Every structure is written in structure tokens, then in C-alpha cells.
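Accompanying notes for the structure given below.
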Amino acid sequence: MPSSRFQRGDVVMGRWPGSSLFYEVKVLGYDAKTQLYTVIYKDGTELELKDADIKSTTGFRQGSGRSRSRSRSRSPARRRSRSRSPARTTRRSPSRTSVARKDKLKEVLEVQLTPLKLPVENNSNNKHEKKEENDTANRENEKTEAEGESHAGGRYNLRRRKELGDAKIAEPEKKEAEAIPLAAPVTTTKITEELEFGGRIGVFLLMLVLPVMVLALLILCGQEDASLQSLSLTLTALETLWDWQVFGFVLLWLLFQAILALLPVGKVVEGMPLKNGKRLKYRINGFYALVVSALLVGVAMHQGVDLSYIHTHFLQFYTSALIISLLLSLYLFVRARWASDEDRAPAGSSGYVIYDFFMGRELNPRIKSFDVKFFCEMRPGLIGWILINLAMLLAEMKVQQLEAPSPAMILVNCFQFIWVLDGLWHEEKLLTMMDMMYDGFGFMLAFGDLAWVPFSFTCQAYYLVNHPNELSMIWMACLITLFGIGYYIFRKANSQKFALRRNPSDPKISHLKTIPTATGKNLLVSGLWGMVRHPNYLGDIIMGLAWSLPCGFNHVIPYFYLIYLICLLIHREKRDAHQCRKKYGSAWEEYCRVVRYRIFPGIY
Ligand SMILES: NC(=O)C1=CN([C@@H]2O[C@H](COP(=O)(O)OP(=O)(O)OC[C@H]3O[C@@H](n4cnc5c(N)ncnc54)[C@H](OP(=O)(O)O)[C@@H]3O)[C@@H](O)[C@H]2O)C=CC1
Ligand SMILES: CC(C)=CCC[C@@H](C)[C@H]1CC=C2C3=C(CC[C@@]21C)[C@@]1(C)CC[C@H](O)C(C)(C)[C@@H]1CC3
């Protein structure tokens, strides 16, 4: 290879097809005529890459700020690669941002990758060559072949983790900790390449439509005639939507929850690794916060506080929460000016003000050790939801002059309480979710957490106050069973995924088959995760159905949550599939071939 920058055997960083993610690859050869390198990824995938799609590992190591076991002297090559780093582009003056964005898009579009056909699995020469290349993923493939479980015709093997033994499975993780920066893809993306939610116009419309939609929902739920046609006749006067006292109560609630979150009670855990390899610390005490909140509410009720005040002032409560979420989003947008590149959320760094305001520019905004996003996602809205449901239960008894709450109201309260309790009990798992790992904290989540969750998720209980619905014993038994099935699928699927990510050799998931990927992470491909690609979404939707059905079939309004959830999760599935395709490439394609349906078995 006379005129090539890299030689056969060199370990370099190669761009993954169609993305700006770089993984460690080994150079297998260089074709001077086509000027393409043949490289092999950790999972055995061979590709041809242009010179521009290959970077030296030293440049990446320096840039990513990870701790290394061996430090090398600063070479001219490394200095070159640092000066070209996109990190620099975001530090440029705003006038140059859009030029940088175009350059970046161009760069991504220009990636030309030609997948090579892999040699047939039983070609002993090649197998030997792979083995010599000392690649962990190859070694795993070999083990699998020995077990006769290789996936016919595929590049990946479906293997039983149990049969391999825990120690062996943990091997890639161990290596990664020692020296190979493989598990977390190294990304040079500092500016958003693709705009989601319909871009700037889409998010602008969403910011207008979503708050009005919740207001309309609440007006409809609260009036006798909950049909959609009746909405225009009863447009509420704006001044009736505001009450300073209510605003004060909402602020007090937020303050109270923030104090509970700051109490030195509960364990402190580390979040998932950030771009710079560091992990943030989080105090997990959501469950205690729920217990203390319940005690406080109990004492207040005992002292004669009438919770049905929340029902009679529900619109004012919503408006206050909306204003607070708007103010919070503004604060977050402004403070992100001083955030370092590392703290920026990839999705909210487009350079377009409106888009970044919606998506959130900062990934983990913190005031000292107080994580604003983590707090808002789990506390005031979720615990507030339970408080509101309780207020609606009391209001129903008052309005309908009942001695005890209706069975429909009890079911709605119990189902939703279990869901919130489960969320707080497994609070730690939020740290591995898309919202915490990739999404910035902007208007979407601030409004979602503080206004959308507590005021639209409570629509069934609010509706039942004025729209009683009788339930037969059989129907109640059916609803409980339906909820139980949904909960089982939701919990089991989420726990299996969490266990795999936290400890791939966890005995609880050792019976499940997985597909290895180039990043060192595995994808579950049997059990619930073999039924559909998002069993947790399916479980969530079944539960949503179970707590909407007690409201009967007279109006569509109590099904608002279910409709929202289906739309959100279908959209989320698409977003996630897009990210996973970029992250996992052919392993993800293989997974999609094996598990055909996304959320609903046999349907979608
Ligand atoms: N009620 C509501 O309003 C909402 C509820 N939810 C609920 O929150 C929960 C979490 O949702 P969300 O974070 O969106 O989605 P998931 O928990 O499904 O997370 C998706 C991620 O899981 C990993 N993954 C995907 N497939 C596999 C597989 N086969 N094996 C192992 N890992 C896999 C990938 O990340 P990686 O490989 O990087 O780990 C992927 O990016 C769900 O139960 C959902 O229903 C979510 C949104 C709103
Ligand atoms: C239309 C609009 C404004 C959308 C914003 C969406 C948010 C409301 C939801 C996005 C993902 C969420 C999750 C939860 C609450 C709703 C939001 C914030 C969640 C924290 C609720 C508790 C669960 O147990 C959960 C942890 C699985 C869940 C995670 C996702």
C-alpha cells in the first residue's frame, strides 16, 4: 500500500455507513486504483471506506477525553485531526453556524460505503484469518459456530447466552473497560443533522397546538356534554383561567418536591456514560418522595383541607403549570448559552432558535447536583397525577353525592397508581431511556412533564366526576385481567432490557438469545423481545386501554390518553429504529429480519 495513510493491520476509527458515528476497525487492505480501504469492524462486518471516512484512533482518544491506560506522544496527525474536529465548528460565531451545518450534512451525504460479501462461514482459511485478528466479536461468533447455532446465511449468530457461560459473555465488557473504547460509539456530531417533528415549522405548530389541545380536553371533560361539537359553544374567557393563589400552590408543590428530591435519603447511582466517558450521579429517592407526599396529603386532609378544590380550579391549575413550564423552558434555553459542547444535546443543537428551544439545547441541565430533567420527568408531574386523581375521586363523591367512590373511579385510580408506583420504584431505569440519554431538556419535555402528564393523563378521572359509568363484576374482572397482562409485558420487557444493559451476564436473562453488534452491546431477540421489537410499548398501550375502558363508550374524550400514547409510541419507535439503524447497522437489519413486527404482533 504505497500511497495510503494507513497500513494493513492498523487499528483506526472507521465511519459507520450513512452515519457520523465512528467505530474501531482494522485495516485489511488498500486498493490504490479505487483509493478505498477494506476494513473489518468488531462484529466481523467488512466494508470499503474512503480515506475521508477513516481517522486515526489517537485523535479520537484525545478528543473523547477518556482515560487511557497508555498515553502516546502527540503526533502531527493527531493535531491535524483535532483542528478539524466538528467541536470547533460549534464554537464558531453564530453567522458561521449554518455554513458549518451544511458542510456537516454534505460530509454525511458524501459517505460512500460498499458492503462486501462476507466469505462463507465454513471457509476454514478465512476463519483462521479472523481468529488471528484477535477480535472479541469474532471469538464470540466462533464459539457460537461450535455450538451449531449459527444463523443460516446471516452475518450474525443467534446464540443462547446461558450455554456460553456468564464469564465468557462478560468478556467484551471487560476488554472494553481495559483499553478498547468500543462500547460507546465515538461521535463527531455536534450539530443536529436531521430535524425531527417536522422541523422548525412542525415544532412551532406543536408548541401552539399542544397547550390548546390540553385546554380543550379539560374543558370537554369538565362539562356535561363532552362531545367534540360542543367545544366551540363554551370557549372559556381567558381571565377565568388565571388565579394567583393557584399559581402559588403549584409553585409550593414544585418546591416541596424539589426539597424531597434533595434530601440525603436513598442510594446514589451513576447514569449512563456521557460523550466524554464521565457518568453523572443521581439520587434515587422517588419512592420515598411518594410516601412522604402521601403522608403530607393525609395530614392535610385530616386537618380539613378539601382536595376537591383541585377539581373546581382545574383549569387554573393547568394554566399555572403551563406558564411555569414555559418559563422553565426559557430559562433552560438561555442558560444553555454557557453550556460546554459536551453538555449539549445532539437533537437540540441545530442552530435554529425555535427548534432548539423545543428540543432542548442542554442534555442534563443541573443546578449544582440538582438534575432538573431527571427531577421533572419523575417527580412533580407523576406524583401530582396521583394527587389529582385522588382529588377527582373525592370530587366525584361530592358531585354525584356518593358514599363511596364508583367502581370505575376506583379502577382508574388503582391502575394509574400502580403505574406511577412502578415508575418511581424503578426510577433508576429512566437513566437508560432515550429521554435521559439523547433528548435535551427544552419545551417539549418541560411542558410534557409539568403540564401534559398531570393534566392530560388524569382525563379519565376528571371525566368520571361528571360522567358516571356503571361497571358489571364481569367487566371489572376483564379490565383487571387486561391491566395485569399489560403490566406483566411492560415490566418484564423493561426489566430484561435494563438487566442486559447493566450487566449482560445477569443470570435472570441468561436464557434469552441475543444478537451481538459492532458496538459490543447485544440485542435481545427471544422471549418478549422476539415477539415484537418494542414489547414494553405494547404493554404500556394495553394498560392505557385498561384504564380508559372504565369510562364507557359514550365519548371519545377519555380515550385521549390512549390515542396520544399510540401516536407517541409509533413515532418514538420510528425515531428509535432510525437511531438503532445508525448505531448497529447490519446487526439491527438482522434483528428486524428476525423480529418482524414493531409493536403489535401480526399487525404492525
Ligand atoms: N406513557 C408515556 O407517556 C410514555 C411511556 N413510555 C414508556 O417508557 C418505556 C421506555 O421507553 P423508550 O425509552 O422509548 O424505549 P425502549 O425502552 O424500548 O428503549 C429503546 C432502546 O432500547 C434498546 N433496544 C432496542 N431493542 C433492543 C433489544 N432487542 N434488546 C436490547 N435492547 C434493545 C436500544 O438502546 P441501546 O441499545 O442503546 O440500549 C433502543 O434505543 C416504555 O415502556 C414506554 O412504553 C415512553 C414514552 C412515553
Ligand atoms: C406531547 C408531548 C408534550 C410529549 C412529551 C412526552 C412526555 C410527556 C413523555 C415522553 C416520555 C415520557 C416518559 C414518562 C412520562 C411521560 C414522558 C415524559 C415516564 C417517566 C413515566 C413513568 C414511567 O414509568 C416511565 C419511567 C417508563 C416513563 C418514561 C418516559
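Keep in mind that what you see is a predicted model, and the values were worked out from it rather than measured. Throughout, residue positions are numbered sequentially from 1 according to the sequence presented. Just follow the structure's listing: the first ligand is 1, and inside any ligand the first atom is 1.
- With Leu524, Asp540, Leu523 as candidates, the residue nearest to atom 44 (C) of ligand 1 on a non-hydrogen basis is Asp540.
- Between Tyr564 and ligand 1, at least one pair of N/O atoms sits closer than 3.5 Å.
- Note on Asp371 versus Arg366: salt bridge recorded, some NZ/NE/NH1/NH2 to OD/OE distance being below 4.0 Å.
- Only side-chain heavy atoms of Asn494 come within less than 4.0 Å of ligand 1; its backbone N, CA, C and O stay farther off.
- Checking Trp419, Phe415, Phe417 one by one against Trp385, the ring pair (Phe, Tyr, Trp, His ring centres under 6.0 Å) holds for a single residue, Trp419.
- Under a 4.0 Å criterion applied to the non-hydrogen atoms of Tyr591, ligand 1 contributes the atoms 29 (N).
- Neither the backbone nor the side chain of Glu427 has any atom closer than 4.0 Å to an atom of ligand 2 (non-hydrogen atoms only).
- Under a 4.0 Å criterion applied to the non-hydrogen atoms of Cys580, ligand 1 contributes the atoms 34 (C), 40 (C), 41 (O).
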> What's the verdict on side-chain contact (heavy atoms from CB on, under 4.5 Å) for Trp529 and Asn536, showing C-alpha distance, side-chain angles and the deciding distance?
Replying inline: CA-CA 9 Å; Trp529 290 90; Asn536 46 354; 4.0 Å; yes

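- Atoms of ligand 1 lying under 4.0 Å from at least one heavy atom of Phe490, given by number and element, are 43 (O).
- Taking a 4.0 Å cut-off on heavy atoms, Asp435 registers as neighbouring ligand 2.
- Using bins of under 30°, 30° to 60° and over 60° for the plane-to-plane angle, the ring pair Phe447/Phe443 lands in the parallel bin.
- Of all the heavy atoms of Tyr561, the ones lying under 4.0 Å from any atom of ligand 1 belong exclusively to the side chain.
- Heavy-atom proximity to atom 21 (C) of ligand 1, evaluated over Lys497, Glu573, Arg501, Arg572, is greatest for Lys497.
- The nearest pair of heavy atoms linking Arg598 to Glu573 is NH1-OE1, 3.1 Å.
- Residue contact check: His534 has heavy atoms under 4.0 Å from atoms 18 (O) of ligand 1.
- In summary, the atoms of ligand 1 found under 4.0 Å from a heavy atom of Tyr537, numbered by their order in the structure, are 11 (O), 12 (P), 14 (O), 15 (O), 42 (C), 44 (C), 45 (O).
- Comparing heavy-atom distances from atom 29 (C) of ligand 2 across Met444, Arg491, Met433, Met434 singles out Met433 as nearest.
- The ligand atoms of ligand 1 that sit less than 4.0 angstrom from a heavy atom of Trp419 are 1 (N).
- At a heavy-atom distance under 4.0 Å, no atom of Gln579 approaches ligand 1.
- Side-chain polar atoms of Asn389 and Tyr462 form no donor-acceptor pair below 3.5 angstrom.
- When heavy-atom distances to ligand 1 are checked against a 4.0 Å cut-off, Leu565 comes that close only through its side chain, counted from C-beta outward.
- Residue contacts with ligand 1, taken as heavy atom pairs separated by less than 4.0 Å, do not involve Trp452 at all.
- Considering backbone and side-chain N/O of Asp576, one or more are found under 3.5 Å from N/O of ligand 1.
- Distance check for atom 14 (C) of ligand 2: every protein heavy atom is found at 4.0 Å or beyond.
- Set against the non-hydrogen atoms of Met434, the atoms of ligand 1 under 4.0 Å away are 13 (O), 14 (O).
- Nearest residue to atom 7 (C) of ligand 2 from Phe358, Trp385, Phe447, Tyr564 is Tyr564 (criterion: closest heavy atom).
- Residue Leu568 has at least one heavy-atom neighbour below 4.0 Å for each of these atoms of ligand 1: 47 (C), 48 (C).
- Between Trp425 and Phe287, the ring planes are perpendicular. Angles over 60° get that label, and only those under 30° would be called parallel.
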